[in-house]
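FYI, side chains are in, hydrogens and waters are out, and symmetry mates aren't considered; it's all heavy atoms of this structure.
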Amino acid sequence: MACFVPFNNRNLDISFFVFRPTVVLVEELVDALKDFSACTETLGCVNSSIFRSIHGNLIIWYAAWMKRSRENKEMLISSLLQMLKNLSNKGVLVEYRFVDAYAGESKEGSCVAKFYTGDVICLNVATSTAGDLNDVSYANLAIFKDRFWKMEGAVSGVCLKLQDMPAVSCLYVWKSLQHCYSWILNADHRKTMVPYLDRFKLDVKYDIFRVVYVSTEAALSWHSNSTSPALTLASEGESKEQRQVMQI
């Protein structure tokens, strides 16, 4: 099963926790975050995933949560931060944000942005130092609508607004790393973006990530590997009996 980012914030809260590894073997932090993901299910986590930067050294833990009030969300954050103290010897929590999805598109006809282990994700964040956030959000949406269907190899995309911070973001899922590179290198970003963003003072950052873990895939793998030996033997015995009946 795929992990996903919804196209709106009606039913789910979504969050991103950004880490910088402090261990030589980055897989140690990734494995610790996999265990952490399993523990968050009791807190209302619907699905989670881990993104690893292809060119940098950042690790992102993404999670979708059952919708909750602001007060309950603050309690959730407090619980998560307490749990993450166990990972402090493997990585530094650089920042964490809850975000609101407010638009999205999929070339597969889906109502969410789906992704699996091994997929490529491009994530950009534009922080506004001047101008109304609603205007910046609209400009971000206008750019997204203008570009998405022209982006060969892009499977889906989502527009996001960061909570408690004047910033917007776009997340794109790509068919391959080559498609992502091709778009970045060949697109005339200055021509397509400046008309929308020229009046805003924005600090724009982006990175490309590989999906290295999806919680729903891990759950399916665990269930398939945990078949009871007794059930297996029973099944085999039943098959033998069936064969004997067919021979008769």
Side-chain angles (χ1 to χ4, degrees), residues 1-10 12 14-16 18 47 49-56 58-62 64 97 99-128 131 133-162 167-200 202-214 217:
M1 292 179 64
C3 191
F4 64 88
V5 180
F7 289 165
N8 57 63
N9 66 342
R10 286 195 293 269
L12 294 173
I14 55 180
S15 64
F16 293 89
V18 184
N47 63 58
S49 183
I50 300 172
F51 311 155
R52 182 171 178 177
S53 175
I54 292 175
H55 301 288
L58 295 180
I59 302 289
I60 292 181
W61 181 72
Y62 161 80
R97 297 288 173 187
V99 303
D100 292 323
Y102 65 98
E105 296 279 0
S106 170
K107 295 177 183 177
E108 298 177 332
S110 175
C111 59
V112 295
K114 298 179 181 179
F115 51 88
Y116 302 82
T117 300
D119 281 351
V120 173
I121 286 179
C122 182
L123 187 64
N124 64 57
V125 179
T127 305
S128 175
L133 180 58
N134 289 330
D135 292 338
V136 178
S137 300
Y138 179 79
N140 185 51
L141 176 59
I143 294 172
F144 175 81
K145 292 289 187 181
D146 178 68
R147 299 169 68 181
F148 178 72
W149 292 99
K150 303 173 186 175
M151 299 167 69
E152 183 180 354
V155 179
S156 55
V158 188
C159 292
L160 306 166
K161 289 189 292 188
L162 281 67
V168 294
S169 175
C170 277
L171 181 150
Y172 295 99
V173 181
W174 291 86
K175 288 183 179 179
S176 70
L177 188 58
Q178 288 69 29
H179 280 104
C180 183
Y181 283 154
S182 179
W183 171 258
I184 292 173
L185 294 175
N186 297 325
D188 189 349
H189 299 292
R190 181 173 296 277
K191 181 179 179 180
T192 57
M193 294 178 66
V194 169
Y196 295 105
L197 303 178
D198 194 36
R199 62 195 178 97
F200 303 111
L202 297 175
D203 177 22
V204 181
K205 298 178 181 178
Y206 76 92
D207 203 349
I208 304 171
F209 298 86
R210 180 81 66 182
V211 180
V212 296
Y213 171 80
V214 167
E217 292 177 353

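Pairing each heavy atom of Glu152 with each of Trp174, the nearest pair is O-CZ3, 3.4 Å. Across all their heavy atoms, Trp183 and Lys150 have their closest contact at CZ3-O, 3.8 Å. Scanning all heavy atoms of the two residues, the minimum distance from Ala2 to Val214 falls at C-CG1, 4.3 Å. Across Cys3 and Asn47, no two heavy atoms sit closer than the pair SG-OD1, 3.0 Å. When all heavy atoms of Val158 and Ala101 are compared, the closest pair comes out as CG1-CB, 3.9 Å.
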Run the numbers on Val5 and Ile14 for side-chain contact (heavy atoms from CB on, under 4.5 Å), then give the verdict. CA-CA 8 Å; Val5 180; Ile14 55 180; 3.9 Å; yes

Could you go through the side-chain hydrogen bond (donor to acceptor under 3.5 Å, both in side chains) check for Ser176 and His179 one step at a time? CA-CA 5 Å; Ser176 70; His179 280 104; 2.7 Å; yes

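With 3.5 Å as the limit, one finds no donor-acceptor pair spanning the side chains of Tyr181 and Asn186.
In this structure, the side chains of Leu177 and Ile208 come closer than 4.5 Å at one or more pairs of heavy atoms. Contact check for Ile59 versus Phe51: no side-chain heavy atoms found under the 4.5 Å cut-off. The shortest distance between side-chain heavy atoms of Glu108 and Val155 falls below 4.5 Å.
Here Tyr62 pairs with Phe16 under the ring pair (Phe, Tyr, Trp, His ring centres under 6.0 Å) rule; sequence neighbours left out. With sequence neighbours excluded, the residues forming a salt bridge (charged side-chain N to carboxylate O under 4.0 Å, His left out) with Lys145 are Glu105, listed by chain and number. Remark: Asp207 engages Ser53 in a side-chain hydrogen bond (donor to acceptor under 3.5 Å, both in side chains) (not counting sequence neighbours). Remark: Tyr138 engages no residue in a ring pair (Phe, Tyr, Trp, His ring centres under 6.0 Å) (not counting sequence neighbours). In this view, Phe148 and Phe144 satisfy the ring pair (Phe, Tyr, Trp, His ring centres under 6.0 Å) rule, not counting sequence neighbours.
We find the CG-OG distance between Leu162 and Ser15 to be 11.5 Å, quoted to the nearest 0.5 Å. Summarising the geometry, atom CZ belonging to Phe7 is positioned 10.0 Å from atom SG belonging to Cys159; distances are rounded to the nearest 0.5 Å. Atom CG in Leu12 sits 11.5 Å away from atom CG in Asp100 (nearest 0.5 Å). Atom CZ of Arg210 and atom CD1 of Ile54 lie 5.0 Å apart (nearest 0.5 Å). Remark: Arg97 CZ to Ser169 OG distance equals 12.5 Å, nearest 0.5 Å. Atom OH in Tyr213 sits 9.5 Å away from atom CH2 in Trp61 (nearest 0.5 Å).
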Only distances under 3.5 Å count here; give the side-chain donor-acceptor pairs of residues 113-127 to other protein atoms, sequence neighbours excluded, each with its distance to 0.1 Å.
{"unit_1": "Thr117", "atom_1": "OG1", "unit_2": "Glu217", "atom_2": "OE1", "d": "2.5"}
{"unit_1": "Asp119", "atom_1": "OD2", "unit_2": "Tyr116", "atom_2": "N", "d": "2.8"}
{"unit_1": "Asn124", "atom_1": "OD1", "unit_2": "Cys170", "atom_2": "N", "d": "3.2"}

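Between the side chain of Lys107 and the main chain of Ala154, a donor-acceptor pair closer than 3.5 Å is present. A side-chain donor-acceptor contact under 3.5 Å links Tyr102 to the backbone of Ser137.
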